[in-house]
Amino acid sequence: MSATTGLADREPLPKYLAPVPKTIEDLGLRFAWLVVAINLAGTVFGFWYYSGQFAATPAAMWPWVPDSPMATLLIALAIAAWKLGHELPWLTALAFFGNIILGLWTPYTLLVFYETYAAQTHPLMFQFLFWSHLAMVVQAFVLHRITDFPVWAVGVALVWYASNLVVDYFIPVLEGPHGVHHTTIPVAQDAPMFLGADALGVVAAGEVTFTLLALFLALATAVKKCQTAHEQS
């Protein structure tokens, strides 16, 4: 614990696991309740954004529909729990996965279908969606300051986001829009794209890749923290 800031000391993690400058990490943690409030506001906006898709999806599948607002809700709850002195590793791991996966997947999708989105979306909304989701990635990379990512907690997050992949792209379980529950894309799912893939395959490939990335980053952080603790003991 730093005597000057009252925050947990930053462990010596590699840059690829802790790319956010320490001063920004400290700022975010000092104003944690503001970060919570911003994420809750984003959650409310996100649920409104998905309102049309909720109406067309069976209620039993609603938990798998609002991916991004669920991610901002999870990180708001995880940081709030930490501030109240009850850090919950499973909740923090879920928040990390969600903010890495959706924080990258949405800008990726906006770029993949740039021409269509640019024609259908107001430029300010496009920019807001793009940069606000990248900010989700930034805040995910601060969570190493409040958790050690125990393997069981990473397992909980992996099970949830693996189930999300399954119902989004492979087995819809209950019929939703177009038979899946992911964010609707602005072109036909079978529209040809590149490398022989169709539109659904391209967005699925992005989400699978980002899920594997989140898994690697969480486990690598856990390993590095264990190594540091061993070396200091």
Please report the C-alpha distance between His122 and Gln127 in whole Å, then the side-chain angles of each, then the deciding distance to 0.1 Å, and finally whether the side chain to side chain contact (heavy atoms under 4.5 Å, CB included) criterion is met. CA-CA 9 Å; His122 191 283; Gln127 292 296 324; over 6 Å; no
May I ask whether [X] and [Y] are part of the same hydrophobic cluster, defined by side-chain heavy atoms of I, L, V, M, F, W, Y residues being less than 4.5 angstrom apart, directly or through others?
{"X": "Val159", "Y": "Leu212", "value": "no"}
{"X": "Val35", "Y": "Trp33", "value": "yes"}
{"X": "Met125", "Y": "Val44", "value": "no"}
{"X": "Met136", "Y": "Ile38", "value": "no"}
{"X": "Leu104", "Y": "Leu111", "value": "yes"}

Is it true that a side-chain atom of [X] and a backbone atom of [Y] form a donor plus acceptor pair closer than 3.5 Å?
{"X": "Thr43", "Y": "Leu73", "value": "yes"}
{"X": "Thr72", "Y": "Pro69", "value": "yes"}
{"X": "Ser163", "Y": "Trp160", "value": "yes"}

Which one of Phe216, Tyr108, Trp105 satisfies the ring pair (Phe, Tyr, Trp, His ring centres under 6.0 Å) criterion with Phe210?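 With Phe210 as partner, Phe216, Tyr108, Trp105 yield a single ring pair (Phe, Tyr, Trp, His ring centres under 6.0 Å), made by Tyr108.
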Could you grab the distance from atom [atom1] of [X] to atom [atom2] of [Y], nearest 0.5 Å is fine?
{"X": "Ile146", "Y": "Thr92", "atom1": "CD1", "atom2": "OG1", "value": "4.5 Å"}
{"X": "Arg145", "Y": "Lys22", "atom1": "CZ", "atom2": "NZ", "value": "5.5 Å"}
{"X": "Thr121", "Y": "Leu110", "atom1": "OG1", "atom2": "CG", "value": "7.5 Å"}

So which heavy atom on [X] is nearest to which on [Y], and how close?
{"X": "Leu17", "Y": "Phe141", "result": "O-CD2, 3.6 Å"}
{"X": "Met193", "Y": "Asp198", "result": "CG-C, 3.6 Å"}
{"X": "Leu129", "Y": "Thr106", "result": "O-CG2, 4.5 Å"}
{"X": "Gly103", "Y": "Pro107", "result": "O-CD, 3.1 Å"}
{"X": "Tyr117", "Y": "Thr109", "result": "CE1-O, 3.7 Å"}

Would you call Arg10 and Asp26 a salt bridge, taking side-chain N to carboxylate O under 4.0 Å as the test?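 Not counted as a salt bridge, because no side-chain N and carboxylate O are separated by less than 4.0 Å.
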Determine whether [X] and [Y] make a side-chain contact, defined as any pair of heavy atoms from C-beta on separated by less than 4.5 Å.
{"X": "His133", "Y": "Phe128", "answer": "no"}
{"X": "Asn164", "Y": "Glu207", "answer": "yes"}
{"X": "Leu13", "Y": "Thr221", "answer": "yes"}
{"X": "Ile79", "Y": "Leu29", "answer": "no"}
{"X": "Val154", "Y": "Trp90", "answer": "no"}
{"X": "Gln139", "Y": "Ile75", "answer": "yes"}
{"X": "Asp148", "Y": "Pro89", "answer": "no"}
{"X": "Thr147", "Y": "Trp82", "answer": "no"}

Please test Phe113 against Val203 for side chain to side chain contact (heavy atoms under 4.5 Å, CB included), starting from the C-alpha separation and ending with a verdict. CA-CA 10 Å; Phe113 305 113; Val203 294; 3.5 Å; yes
Output, in order, the C-alpha distance, side-chain angles, deciding distance and verdict of side chain to side chain contact (heavy atoms under 4.5 Å, CB included) for Phe149 and Leu217. CA-CA 10 Å; Phe149 290 114; Leu217 292 171; over 6 Å; no
Do you know which of Asn99, Leu94, Ile100 makes side chain to side chain contact (heavy atoms under 4.5 Å, CB included) with Phe96?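 Answer to the side chain to side chain contact (heavy atoms under 4.5 Å, CB included) test with Phe96 among Asn99, Leu94, Ile100: Ile100.
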Could you walk me through whether Phe47 and Met70 pass the side chain to side chain contact (heavy atoms under 4.5 Å, CB included) test, one step at a time? CA-CA 9 Å; Phe47 276 96; Met70 281 295 290; 4.3 Å; yes
Under 6.0 Å from the OH atom of Tyr114, do we count more than 12 heavy atoms belonging to anything else shown?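 Open.
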Are there over 12 heavy-atom neighbours, none belonging to Trp131, within less than 6.0 Å of that residue's CH2?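 Open: at most 12 neighbouring heavy atoms sit under 6.0 Å from CH2 of Trp131.
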Can you tell me which residue among Lys224, Lys225, Glu25 is in a side-chain hydrogen bond (donor to acceptor under 3.5 Å, both in side chains) with His144?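 That would be Glu25; it is the only one of Lys224, Lys225, Glu25 passing the side-chain hydrogen bond (donor to acceptor under 3.5 Å, both in side chains) with His144.
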Hey, what's the ring geometry for Tyr161 with Phe97, parallel, tilted or perpendicular (30° and 60° as the breaks)?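 The rings of Tyr161 and Phe97 lie parallel, inter-plane angle below 30°.
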Connected hydrophobic set around Leu124, excluding itself, where side chains approach under 4.5 Å: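 Grouped by the 4.5 Å side-chain rule, Leu124 forms a cluster of one, so the answer is none.
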When clusters are formed from ILVMFWY side-chain contacts under 4.5 Å, directly or step by step, what else is grouped with Val223?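 Members alongside Val223: none; it stands by itself.
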Does the ring center of Trp48 lie less than 6.0 Å from the ring center of Phe45?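 Between Phe45 and Trp48, which both carry aromatic rings, the centre distance is below 6.0 Å.
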